[in-house]
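Residue numbers start from 1 in every chain, and the chains themselves are labelled A, B, ... in the order their sequence lines are given, proteins ahead of strands.
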Amino acid sequence: MKLSKILAMSWEGMSQRKFRTSLTTLGVVVGITAIISLASLGEGFRLEIRERMQTGFELENLTVIPGSFFAGLSKEGFIDKDVQSISNISGVKVATPLMQVGNVTLYNKNETVRAFVATAVNFTEFVKIFPDRFIFEDGKLPTEDRNDTIVIGYRVNHPTENETAPFAIANDNITLTSRVLQINPPNPPFYKQENHTFTVAGTLQKRGTPGITNFDYWVFIPLETARKIYNTQESQLIFVKVYDHEESERIADEIEGLFPPFSVTILVPLTFIKQVDHILTVVQIFLMAIASISLLVAGIGIMNIMTVSVMERTREIGILKAIGAKSRTVLAIFLAEATLIGITGGLIGVFTGYGLSHVLAYGLSGLVQTQQQDAGFQPPDAQRMSINPAFSPEWTIIAFVFAIIVCIIFGLYPARKAAKLDPVEALRYE
Amino acid sequence: MATILEVCEVRKNYHMGKVVVPALRGVSFDVEKGEFLAIFGPSGGGKSTLLHLMGCLDRPDKGKILIDGSNILKLSDDKLAELRLTKMGFVFQFFNLLPRLTSLRNVELPLTIAGLPEKETSKRANEMLKLVGLEGRMDHRPFELSGGEQQRVAMARALINDPKIVLADEPTGNLDTKTGWEIVELMKKLNKEKGQTFVVVTHDPHIAEAADRIIHLKDGLIEEIKKAPRRNKQ
């Protein structure tokens with residue numbers, strides 16, 4: 001029997017029972033809708049997160065931290081030799097140490113501000129690591145020939161949003177008060193308070209939180225000066241810039257090799273992004289697995305309906321066999337019915353899936369915005385989360401084919417039942 | 001005349017749970033080409049079982065059935081289906097038309113199954129429906145037709161593949177006497193004009209007597225085989 005005739009026959013059989021066929025098809029539609037909308041939303045969500053992370057994380061920048069999660073803080077800090085060794089690794093553009101000093105207070109005439117973190121850096125090298133971050137509101141980057149210059153972050157310079165005048169402008173002379181740990185003091189206090197005068201080289205523009213470090217809350221002083229004040233040669237971090245971020249994992253391995261095992265931790269944005277991406281992929285697959293359950297339920301519906309249909313059409317099957325239809329022709333007629341349900345349900349499901357994902361994306365974007373506003377805390381330049389469903393043709397085709405396969409698999413049992421019917425028995429069936 | 005179908009020592013049992021019911025207990029006879037044969041007997045005598053075996057719808061437990069020389073016991077299900085498609089035509093008591101198809105579509109069904117192009121199937125179905133006198137009923141569905149008309153459609157369907165043997169199982173059983181006779185007359189006409197072999201199962205002695213030969217079947221055995229005198233419609 002010709003395929004076109006088999007299909008025509010199945011179609012006729014289905015249109016005889018329009019309501020029932022529609023309900024069966026609806027099951028497939030719901031399943032595919034769920035899969036398509038979750039897949040495209042998940043993909044859109046992942047793309048949005050990835051894009052945010054890629055703009056947020058400076059992918060070429062690695063951060064080397066002493067100590068590790070496994071072995072604790074086994075290393076106190078880094079010395080210049082460590083920085084030099086890292087600089088010598090191929091692919092490394094620049095490596096520079098960073099010394100962090102907590103809790104400093106700045107005085108400018110009658111004004112007082114506190115900085116969360118005072119950071120001692122080699123300005124010339126440091127700016128190579130973060131070229132985009134040093135955008136000055138006032139003044140400019142200090143030159144290395146002076147050891148009493150300071151750069152102030154936006155939030156330190158503007159402690160409250162509505163303040164009109166900044167704390168300091170370029171060339172102001174300000175006093176920095178720091179607490180220096182005493183070595184073996186005879187009795188408390190263990191810290192000695194020291195005042196140092198700095199000249200403001202520049203103040204930074206508002207930058208927000210693009211990555212893990214927020215310069216808005218930082219002040220920068222020359223590394224050599226800090227070393228003298230705090231009487232140490234050790235630095236707590238090494239920033240490394242690589243030429244090609246694709247190489248960052250290899251370079252991180254080499255850096256780790258320079259130190260005893262588990263004595264340093266290296267933050268590699270690429271690894272982090274990859275891990276997040278991986279987690280999101282797993283979540284997405286999980287979501288789709290849940291969505292697939294609905295398709296399986298639809299499959300069972302098909303099996304149920306077709307089994308009933310085979311029973312109802314027993315006599316018809318008997319007639320077909322009596323006048324010479326082979327078992328496989330009968331099988332084909334019923335399988336074609338299941339396939340047609342799969343194709344129809346799949347096609348409709350793909351379109352409703354597209355529709356639903358847009359509706360859901362709109363709803364979710366609104367939800368994310370509301371929560372940000374409610375939270376009270378709003379990062380200065382927080383971009384609104386906007387999830388746009390991303391449709392990949394691959395997923396659409398996979399979902400569509402999956403629908404057909406599920407229908408065929410679940411249609412196979414009733415179709416085989418039909419094909420195996422004994423013609424004499426079938427003709428006798430009332 | 002050449003033998004077209006041989007039935008040799010055919011036995012068939014039905015199993016109703018643990019009870020074995022013998023339907024045929026060793027039946028042998030030949031069917032000649034172009035013959036109009038009646039299998040006659042009371043119900044439960046094994047007539048329909050015999051017809052099903054002759055029509056390759058079922059296989060005997062024992063014995064041989066040779067159709068055109070080939071033993072159906074040795075053929076696969078697919079081969080049997082092919083045999084039914086190419087060499088057999090069936091007419092049933094309850095017409096057994098597909099309710100959703102028009103007369104034309106019902107008649108062309110065997111050719112459709114055989115995979116013939118639509119142009120040819122509808123041309124031949126047209127001719128067949130004309131032959132059985134239903135040219136005006138081609139686009140009617142079975143429920144729009146009378147019993148006699150439905151049986152004519154079934155007859156047209158049975159003949160469209162130009163079968164060697166037409167097997168009819170109580171073809172008049174569901175019709176009034178007049179219509180029943182018309183069907184018998186039609187079968188006789190086709191038998192004469194087209195030379196096709198007809199085997200008709202019936203419990204109606206009048207119908208049986210219209211045949212060339214009558215096989216009396218009772219309790220699964222042949223009671224007698226006799227040549228019937230030709231009679232005209234009464």
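Ranking B:L101, B:I113, B:T86 against chain A, the residue ahead of the rest is B:I113, based on heavy-atom pairs under 4.5 Å.
Proximity to chain B (any heavy atom under 4.5 Å) is shown, for A:L320, by both the backbone and the side chain. For A:I323, the parts lying under 4.5 angstrom from a heavy atom of chain B are both the backbone and the side chain. For A:K326, the parts lying near chain B are the backbone and the side chain together; criterion is any non-hydrogen pair under 4.5 Å. For chain A, no part of B:L80 is nearby; none of its heavy atoms comes within less than 4.5 Å. Proximity to chain A is absent for every atom of B:F95, based on heavy atoms less than 4.5 angstrom apart.
The environment of OH in A:Y413 is sparse: at most 12 heavy-atom neighbours from other residues, nucleotides or ligands sit within 6.0 Å. Within a 6.0 Å sphere centred on CZ of A:F19, other residues, nucleotides and ligands contribute 12 heavy atoms or fewer. Within a 6.0 Å sphere centred on OH of B:Y14, other residues, nucleotides and ligands contribute more than 12 heavy atoms.
Checked for salt-bridge contact, A:K2 and B:E118 miss the test: no charged N lies under 4.0 Å from a carboxylate O. A salt bridge between A:R17 and A:E337 is absent, with no side-chain N of the basic residue lying under 4.0 Å from a carboxylate O of the acidic one. Salt bridge A:E43/A:R46: present, at least one basic N to carboxylate O contact under 4.0 Å.
Residues of residues 45-60 of chain B lying under 4.5 angstrom from chain A, judged on non-hydrogen atoms, are B:H52, B:L57, B:D58 in numerical order.
Judged by a 6.0 Å distance limit and a 45° cone about the ring axis, A:R315 is not positioned over the six-membered ring of B:F92.
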Using the side-chain contact (heavy atoms from CB on, under 4.5 Å) rule, take B:R105 and A:E12 through it: C-alpha gap first, then chi angles, then the decisive distance, then the call. CA-CA 12 Å; B:R105 296 281 314 277; A:E12 279 164 10; 3.0 Å; yes

